[in-house]
**Q** 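Handing you this structure, nothing more for now.
Each chain gets a letter, A, B and so on, in the order its sequence line appears, and its residues count up from 1. Being a predicted model, the structure only gives us computed values, none of them experimental.
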Amino acid sequence: MKLLRAWTTLTSLTFRRLLWSASTMMVLLPLTGCLLFILWRFHNRPDLATRDFRDFSEFLILIFASIVVPICALAFGTASVGGDREDRTLVFLLVRPIPRALVLLAKFTATLPLVLGLVVGSYWLYCRLAGEVGQVAFGLYLPALIYMTLAYVCLFHLFAVAFRHSTIIALIYALFMELLLGNIPGIAKRVAVNYYGRSIMYAAGANEGLPTPDPRWFEPLSVDAASWALVGIAFGGLLLALVIFSRREYRDLT
Amino acid sequence: MHHAVGSSTLLSFEHVTKFYGPVIGINDVSCRVGPGITGLLGANGAGKSTLIKLASGQLRPTQGTVLIGQHQAWSTAAKHHLGYSPDLNSFYEEMTGREFVYTMARLHGFSRGEARQRTEYALEEVGMADRARRHLAGYSHGMRQRIKLAQTLVHDPWLLLLDEPLAGIDPGGRREISELLLKLAGQGKTLLISSHILVEIEQLSSSIIMMSRGRIVACGTIAEVRNLMQFRPLVVEIVAEPARRLAALLAENPDVQGVEVRDSVLIVRTRNPSKFFDQIGQLVCAHGIEVLRLQTLDGGADAVFEYLQQGRP
């Protein structure tokens, strides 16, 4: 009972600190930019032609899979542990009678709903603002975005426990692996998490008229394979992070 | 080397070695720290921080074991018994002092009511109850030290590891905190206080551990450490009449390394202070020399520490 109370306190503390952190501001700025774009491009357009659905889907795949989900996950995923490391407050948590694995799980448990809330909330808002195309798109792409969010949050927690300046490392990773390698032809893009998310999104949109991308540039995986890959990245990343965090000596704490 | 401090063993280091990559942090350290206040002394880089981090379970020994009671210091079970005040100024700055201490109590699993009660008690103990509504970001260094101390007390541990707890506190505050530390020691708690200010430690501690270059160079009660010093070279100032006569007699003593005469003042360097003090009484009585004043010139803890450091490889 005591351990549960301690764990929920840590989860709630982490959630509150993340919510009122600079990360929230960092995430809200691009989200607001996208919102303004949506308002300008899609609002008050009554026609529901295939062209609109395609435009909106491509916008969602580009913005959410490549930018919004990674940025939200990066901002909060690295800050949940990395923030405590950089602020040198982690020592106050590690000398409490909470097993280290549970400390990390509390951090993860606080971060995931926050990132999911921002991703799903902004996605829902954009879909609402886009009118009928948005309503069609919402249910189609939501599972892919949830899988991606889960994978990214776990991955960036792994970065946070493994590297001291995890935000910088994660930014380099996001730019190099996700944006660059994730968009070049060939199988190199399979190192990027967003490749699997986009595979699911393209497959989901195909029935509504979203064209399959040119296979020379993007050859999607099957929905099952891509979903399993994202789940594997998520659980593998989290498990590795738990092992590292449980065993690692953080010499930079004091 | 095995050092015994205090009667009841609570915190023990058994042949502990810690490497940081190729660099050795502490080397084959064994000691036991029991109830009361034990001062941990050493210059920067002596290994104090490594010892404290091992004891607080932040580091794991490369070799040997660190035990808090029966538990490995690294283990979660040991953390129930440990209160740790780090030598850093980082907090959750957006919190008030009260919120911070309360949160730390909650992280020990106490219910809201109990955590509130314990928070008030801890704040009262460190003299911060009336100032705990302010945000930590606006606290002075001394207030931060008190809040750090409060969060170590909030779960009533029997082992307190305090890294430089008096640094940055004004003289009045030092007296209050010192009284609190002595009170905690009186309650049977074990306090290991790290400091590089020897006078501070001398006034508080019943026992001391002196570290240099990753090793314990002296350990025990202050009296025991003083006994270690009996073969330490010492400079003694003697005001005597006739001074020159006493100087001549002392020059014949094989334990006296040198004598300097300045009017009626003798500056004597001895390599065996214990024997020297035994003999000088007999000498002045036998020759009818009047000694007006006798005092050691470098007998403070700083000189002792310097000497102990020099003696190590």
**Q** Under 4.5 Å, counting heavy-atom pairs only, tell me which of B:Ala77, B:Ser111, B:Gly83 racks up the most with chain A.
**A**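 Most heavy-atom pairs under 4.5 Å with chain A: B:Ser111.
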
**Q** Does B:Arg118 pair with B:Glu114 as a salt bridge, N-O distance under 4.0 Å?
**A**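 Counted as a salt bridge, because a side-chain N and a carboxylate O are separated by less than 4.0 Å.
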
**Q** So B:His155 and B:His108, would you call those rings parallel, tilted or perpendicular, with 30° and 60° as cut-offs?
**A**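 Parallel: the ring planes of B:His155 and B:His108 meet at under 30°.
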
**Q** I need the residue from B:Ala105, B:Ser90, B:Gly57 with the largest number of non-hydrogen atom pairs under 4.5 Å to chain A.
**A**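 Greatest number of close heavy-atom pairs with chain A: B:Ser90.
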
**Q** Quick one: of B:Asn89, B:Leu59, B:Thr103, who has the most non-hydrogen atom pairs under 4.5 Å with chain A?
**A**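 Looking at each of B:Asn89, B:Leu59, B:Thr103 in turn, B:Leu59 comes out on top.
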
**Q** Given heavy-atom pairs under 4.5 angstrom as the criterion, report whether the side chain, backbone, both or neither of A:Arg247 touches chain B.
**A**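 For A:Arg247, heavy atoms of backbone and side chain both lie under 4.5 Å from chain B.
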
**Q** Would A:Glu249 and B:Lys18 pass as an ion pair if we require N to O under 4.0 Å?
**A**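 Yes, this pair counts.
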
**Q** Need one label for A:Leu13: side chain, backbone, both or neither, based on atoms under 4.5 Å from any heavy atom in chain B.
**A**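 Contact with chain B involves the side chain of A:Leu13 alone.
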
**Q** At a 4.5 Å cut-off on heavy atoms, which part of A:Ser246 comes close to chain B: side chain, backbone, both, or neither?
**A**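 For A:Ser246, backbone heavy atoms alone lie under 4.5 Å from chain B.
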
**Q** Counting only heavy atoms closer than 4.5 Å, note whether B:Phe100 contacts chain A via side chain, backbone, both or neither.
**A**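 Side chain only.
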
**Q** Is chain A contacted by the side chain of B:Glu94, its backbone, both, or neither, given a heavy-atom distance below 4.5 Å?
**A**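 Interface part for B:Glu94: side chain.
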
**Q** Answer yes when A:Asp84 and A:Arg17 have at least one side-chain N-carboxylate O distance shorter than 4.0 Å, and no when they do not.
**A**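 Result for this pair is yes, salt bridge flagged.
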
**Q** Can you classify the ring geometry of B:His81 versus B:His71 as parallel (below 30°), tilted (30 to 60°) or perpendicular (above 60°)?
**A**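 Taking B:His71 first and then B:His81, their aromatic rings lie parallel (interplane angle under 30°).
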
**Q** Indicate yes or no for a side-chain donor-acceptor contact from B:Gln145 to the backbone of B:Ala167 under 3.5 Å, with no hydrogens or angles considered.
**A**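 Checking the backbone N and O of B:Ala167 against the side chain of B:Gln145, a donor-acceptor pair under 3.5 Å is found.
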
